[in-house]
Amino acid sequence: MPLPGVMKNLTLQQRIEKVLQEVVEKQYGITLPMVVEPPPKPEWGDYSVPVGFKLASHLRRPPHDIVRELAPVVEEALADWVAQVEPVQGYLNLHVRTEYLQDLIQVTATQEDALLPRLKTEDRVLVEYVSANPTGPLNVANARAASVGDSLVRVLRALGIQADSEYYVNDGGGQIRALEHSIEYVLGERETLPEDGYRGAYLQTYAHQVRHLPRGKRGRAVAQMILKDQMKDLWEFGVSFDTIVHESFFHAPDPEDPKIGIYHKYTQAVLEAFDRHQMSFVEDGALFLKTDAYGDEKPRVLVRSNGEPTYFLYDLAYHLYKFDRGYTHLVNLWGPDHLGHVQRMKIALDMLGEALGDPRVRGDRLTVLIVQQVHLIREGKRVAMSKRKGEYYTLQDLLKEVKKDTARFFFLLRSTSSPLDFDLSLAQQLSKENPVYYVQYVHARIASLLSYGAEHGLSPDQADPRALTRPEERQLMREILYFPDTLLGVARKLEPHRIPHYLLRLAEMFHAYYQKVRIVGEDPDVSSARLLLAQSVKQVVAKGLDFIGVSAPNRM
RNA sequence: GCCCCCGUAGCUCAAUCGGACAGAGCAUCGGAUUUCUAAUCCGAGGGUUGCAGGUUCGAGUCCUGCCGGGGGCGCCA
């Protein structure tokens with residue numbers, strides 16, 4: 001999903017992009033998007049731009065000629081930040097001034113959000129996630145979605161994008177009815193559990209609390225209790241929502257009088273718009289939407305022949321409601337079982353926008369992230385779970401075994417679209433193999449280091465970063481330079497797993513540095529400069545962990 | 001049968017908008033500790049990116065076909 005916007009505070013990478021674009025425009029009269037990225041090998045520079053290849057076909061000249069010609073011009077244009085520009089093959093390899101990196105870590109160490117780029121934009125993003133049925137406790141897949149969604153919102157906000165989180169409660173008629181029947185079964189008022197009924201020990205507790213209520217009222221009452229408990233679990237997991245929207249909101253205006261044909265205004269608006277533009281039709285007593293005319297395999301049912309609207313209709317009303325509140329980009333986190341719904345949803349939104357004459361309502365403004373399954377592994381074996389029998393491993397079960405920090409870190413270790421193996425045995429280990437502790441340990445180590453330095457009268461506050469001259473130090477400073485670029489990548493691609501990966505690389509570098517180089521040593525100038533570097537690593541680690549909802553301990 | 005997602009080292013996975021010689025961790029083997037926190041570090045081996053074509057200066061990444069795994073194909077959500 002594109003998140004366009006005018007940049008206010010730019011990262012160095014973005015500044016380089018901008019300057020290069022201007023140089024190329026001035027030199028050749030060609031406007032090209034620039035690709036600026038770290039080269040595969042550090043020796044080749046800090047940023048690299050394959051601009052020669054891009055221009056070669058336009059100019060009908062060999063790539064190397066072009067970059068050789070461009071190098072001195074670019075070097076001058078970027079002189080404030082870049083020491084050297086090297087033409088290699090079709091690339092321009094940029095070597096950032098070490099003084100720039102030194103200044104950068106000084107700022108990072110002292111100012112909380114100095115590194116964060118600010119995207120100045122009118123866009124408003126709504127991230128909808130978890131959205132579990134109010135029929136049982138949250139499971140580990142929900143927990144994964146919670147980790148992903150919450151981190152995305154945190155990062156987007158930190159970058160200056162207006163982002164809100166929302167939870168959609170699927171309290172549709174069918175679910176509540178099934179819950180109602182399951183309660184009756186648990187209370188012994190019903191012989192058999194219906195086909196779509198819910199099982200599981202948890203239902204006992206809830207059922208007994210509502211046994212005094214008249215039949216027909218218990219399902220909704222239990223659903224409310226379950227929702228409340230879900231929110232409590234999520235709260236303990238460090239996740240909360242700005243808004244909660246119920247599917248029942250889109251039903252009849254008066255829930256006591258669910259007459260057919262009297263829906264909520266959004267539902268009504270959807271139906272009327274489609275009807276007005278002949279996008280819907282009646283067949284066998286049911287109302288269909290002609291999604292097939294827009295690329296879907298077949299028409300989809302909006303209202304069943306028994307008069308009851310489908311989930312699909314309410315979902316369209318819900319998404320109209322999202323757009324109507326002024327959101328310009330919608331991000332939905334769905335489970336793999338909803339994969340087939342993505343296309344039809346986008347098609348239907350396009351149709352809806354057309355029918356309403358509302359340019360805000362568009363399929364391409366919806367991005368669906370499929371959050372893949374979680375497989376629990378214990379002692380190298382998969383933990384068996386049977387949803388049919390009602391045995392499943394809940395978020396609460398997980399938090400009894402594993403700390404919140406560990407769980408949240410593990411859930412973001414893989415890209416959202418890949419299935420995740422959650423190794424419970426590994427998650428409980430206190431060693432390097434456990435990546436959470438590996439990263440947190442850097443933070444604790446530096447905290448201890450800083451107080452040790454203070455005992456020796458050393459403070460990073462008056463340090464001169466020019467004393468940082470070792471290659472390991474430059475490498476660390478350079479990695480810090482990449483932090484904001486990483487965050488931009490998270491926002492642009494909606495891939496929060498980049499944060500733990502970045503933190504692991506930074507942690508590895510720091511541990512190696514610490515092992516090799518004495519930080520509090522004989523020379524006070526060098527020592528305090530190294531403490532400054534350590535402090536800026538600490539800041540970045542703390543910030544990065546905060547984005548993924550993991551604490552940064554001072555002692556371990 | 002049709003549609004969608006995924007196939008990368010023995011295992012689990014990275015790889016930024018299509019960029020350079022595809023990188024980590026685990027596992028395996030060998031080393032480092034009178035410490036500023038060893039919850040750490042250093043080193044070694046390991047690859048035809050499922051297969052075959054195509055587009056491109058350049059493909060793990062895009063297109064076509066095939067093989068293998070998963071999910072969907074309901075007037076359930």
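Naming convention: chains lettered A, B, ... in sequence-line order (proteins, then strands); numbering from 1 in each chain.
The existence of a salt bridge linking A:E69 and A:R61 is confirmed by a sub-4.0 Å separation between a basic side-chain nitrogen and an acidic carboxylate oxygen.
Going from the C1' atom of B:rA59 to that of B:rU16 covers 16 Å, rounded to whole Å. Separation of the C1' atoms belonging to B:rG60 and B:rG19 is 13 Å when rounded to the nearest angstrom. The same atom, C1', is picked in B:rC29 and in B:rU48; the two are 27 Å apart, to the nearest Å. Here, B:rC62 and B:rC26 have their P atoms 30 Å apart, quoted to the whole Å. Taking atom C1' on both nucleotides, B:rG7 is separated from B:rU12 by 14 Å, rounded to a whole Å. On the P atoms, B:rU61 is 12 Å away from B:rC6, given to the nearest whole Å. Rounded to a whole angstrom, the distance from the P atom of B:rA22 to that of B:rG45 is 16 Å. Straight-line distance between the C1' atoms of B:rU33 and B:rA20: roughly 41 Å, to the nearest whole Å.
The base of B:rC36 lies outside donor-acceptor range of the side chain of A:S448, with no N or O pair under 3.5 Å. Below the 3.5 angstrom threshold, one finds no donor paired with an acceptor across the side chain of A:D171 and the base of B:rA77. One can find a donor-acceptor pair under 3.5 Å joining the base of B:rG19 and the side-chain atoms of A:K54.
Using cut-offs of 30° and 60° for the angle between ring planes, the A:Y321 and A:F250 rings count as perpendicular.
Within the 4.0 angstrom heavy-atom criterion, only backbone atoms of the sugar-phosphate kind lie near A:P419; the bases stay farther away. As judged by a 4.0 angstrom heavy-atom cut-off over every strand, A:D485 is placed among residues making no nucleic acid contact. Looking at heavy-atom distances under 4.0 Å, A:S48 makes contact with a base.
Under the stacking criterion of a centre-to-centre distance below 5.5 angstrom and an interplanar angle below 30°, A:F53 sits stacked against the six-membered ring of B:rG19.
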Evaluation steps, salt bridge (Lys or Arg N to Asp or Glu O under 4.0 Å), between A:K298 and A:E283: CA-CA 13 Å; A:K298 55 181 178 184; A:E283 194 177 288; over 6 Å; no
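Nucleotide B:rC57 forms a pair with B:rG19, judged by Watson-Crick or G-U wobble geometry with both contacts under 3.5 Å. Both distances falling under 3.5 Å, in either a Watson-Crick or a G-U wobble arrangement, place B:rC2 opposite B:rG72.
Of the possible polar contacts, one joining the A:Q428 side chain to the A:E401 backbone as a donor-acceptor pair under 3.5 Å is found.
One atom, CG of A:L12, and another, P of B:rU16, lie 20 Å apart when rounded to the nearest Å.
Taking syn as a glycosidic angle within 90° of 0, B:rC17 qualifies as syn.
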